[in-house]
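Here's the structure we're looking at; comments come further down.
We count ligands from 1, going down the list as the structure has it; atoms in each ligand are counted the same way. In this chain, numbering begins with 1 at the start of the sequence shown. Note that the coordinates shown come from a computational prediction; the quantities given were computed from them, not determined experimentally.
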Amino acid sequence: MADENNIKENSAEAAGGEDKEVVSRNFIENEIDKDLAEGHYKTVHTRFPPEPNGYLHIGHAKSILLNYGLAQEYGGKFNLRFDDTNPTKEKTEFVESIKADVEWLGADFEDRLFFASDYFDQMYEAAVKLIKKGKAFVCDLSAEEIKEYRGNFETPGKNSPYRDRSIEENLELFENMKNGMYKDGEKVLRARIDMASPNINMRDPVIYRVAHMSHHNTGDKWCIYPMYDFAHPIEDAIEGITHSICTLEFEDHRPLYDWVVREVGYEYPPRQIEFAKLYLTNVVTGKRYIKKLVEDGIVDGWDDPRLVSIAALRRRGFTPESIRMFVDLCGVSKSNSSTDYAMLEYCIREDLKCKRSRIMAVLDPVKLIIDNYPEDKTECFEIANNLENESLGSRKVAFSRELYIDREDFMIDPPKKYFRLFPGNEVRLMNAYFVKCESYETDADGNVTTVHCTYDPETRNGECSTRKVKGTIHWVSAAHSVNAEVRLYENLVDEEKGVYNKEDGSLNLNPDSRRILKDCRIEENIKGAKAYDSFQFVRQGYFCVDSKDSRDDALVFNRIVSLKSSFKLPS
Ligand code: ATP
Ligand code: MG
């Protein structure tokens, strides 16, 4: 298994083949090393804090594995915490899907599952504490006025006329807010920091708002909700998080993060460290965009195999190992960049290469009849399941007079260098016999319906000492194969045009992102395949039993990835 250790070993080899592992540390590890050495923290405690407003995607996988990996590496702890402070978009469905995805990725949070909404009382208390210190005030300005007063990069902000309310008045008004005496937007609680700060986030940010809304966890207990920048540092501090690792867009919010934990007075304030988000080329990653594709019905739900949500990747047949390998290869950086989707495909191919059986499947079947093979005979070939991994054993594959081969493996009038079947040509039926094409039949439209061949009984197992053939094709026995549906996927977006349309920001969709093949034939050994089982279909790619639509008597497969690629690992 090409796991993290392997990659590190490989890089050690690349670095000169020394015996000792050369493990290069990322900048976050360097910072943590320093913090521990200088005694700022005794342990490492990280968290993954999703907002339950959608499904997780490959970018989140990076964050999960990074946070979990650090906790593991330093013998620390890892929390899964739902940042459920905004009831507008949150749903229990999302909570459940996120839990399942984090577990599937192998980031074991044990019993360390938390909800920010469980801290609403403490957050309220923290706000009261700030008011008592003269560090927060209730403001009556409307949202628009607040924005206007805030100023911009060039101009400093203006103080709110409510900024100098007395502590008593603020305490009373804030309590009234909590008790539901105001309408949404009528009043807010703001931190009292500095309207002239060069950092706009520090210009008296709103920390609590009135919102008469039911919450998925706390029901109707609250009609005021804390804002993210106030809630998040408190959640971290309450849980004893040491390193609060987040993405770059929060860099400008760090002074506010530090302000909150300092002013609320936590003894061991957590430290925020930012890294660059993971972006993939030609793939829709933003949660907002995935959500829109789902809501507009362009894809069939959050787990449509064309998406890169974790649920979709799982359904398509990606493994947690392949995603871990991918995240490791991407590394951790401070500057934004996009990673080639082909690297993700590389990782799944690498992972499945030695783990999965290779079986024969004909996606676009054409009948092949061996005219000189006895009509009532069936023989079996013992075929290795994976030539690169003997431990996967072998299986018996039935052979008979009537077979199916793939339409593209026969041509009436082939171009030069076509070595597969055509009239007069001899090829190897993989692991079986040499066959020579004698004739063919077509329908009224000229489509080939049957290819007639003769076989040479002296070439059993596809071996022959007297002559060679240039082509080897795969096949299944008509009577010993089952019907299946196979779904082939291409990029959801049009690669040529780029993901987003420059004019209006809409997505440039590829109309052929999914092709459904209904009457594929697969060797009967496939019977009994269950959801998420995956196989290599020889010469075609890796395929996974669809977890939603496949039935025992009507199998449905998703193509995970084809076999061919021009992708090379960046050195
Ligand atoms: P939004 O907040 O707009 O709903 P989000 O993608 O930031 O979307 P969150 O649930 O807030 O969703 O994300 C949880 C964590 O995942 C955050 O710490 C965030 O920084 C991290 N994260 C989100 N997208 C990526 C990405 N593309 N690469 C790495 N980490 C990401
Ligand atoms: Mg977010």
**Report entry** Salt bridge flag under 4.0 Å for residues Arg324 and Asp351
**Finding:** no

Query raised in the report: Has Tyr279 got any heavy atom lying under 4.0 angstrom from an atom of ligand 1?
Result: no

Query - Polar contact flag for Glu249 and ligand 1 (N/O pairs, less than 3.5 Å) - result: no

Query raised in the report: Is the shortest N/O to N/O distance between Ile245 and ligand 1 below 3.5 Å?
Result: no

**Report entry** Flag, side chain of His60 to backbone of His57, donor-acceptor distance under 3.5 Å
**Finding:** yes

**Report entry** Single hit among Arg316, Arg314, Arg315 for salt bridge (Lys or Arg N to Asp or Glu O under 4.0 Å) with Asp546
**Finding:** Arg315

**Report entry** Short N or O distance, Glu51 and ligand 1, threshold 3.5 Å exclusive
**Finding:** yes

Query raised in the report: Just which atoms of ligand 1 are under 4.0 Å from any heavy atom in Thr247?
Result: 19 (C), 20 (O), 29 (C), 30 (N), 31 (C)

**Report entry** Close-contact set for ligand 1 against Pro50 heavy atoms, below 4.0 Å
**Finding:** 10 (O), 14 (C)

Requested in this report: Answer yes when Asp533 and Arg356 have at least one side-chain N-carboxylate O distance shorter than 4.0 Å, and no when they do not.
Outcome: no

Query raised in the report: So, do His253 and Tyr257 have ring centers that fall under 6.0 Å from each other?
Result: no

Query raised in the report: With atoms numbered from 1 as shown, which atoms in ligand 1 lie under 4.0 angstrom from a non-hydrogen atom of Asn53?
Result: 4 (O)

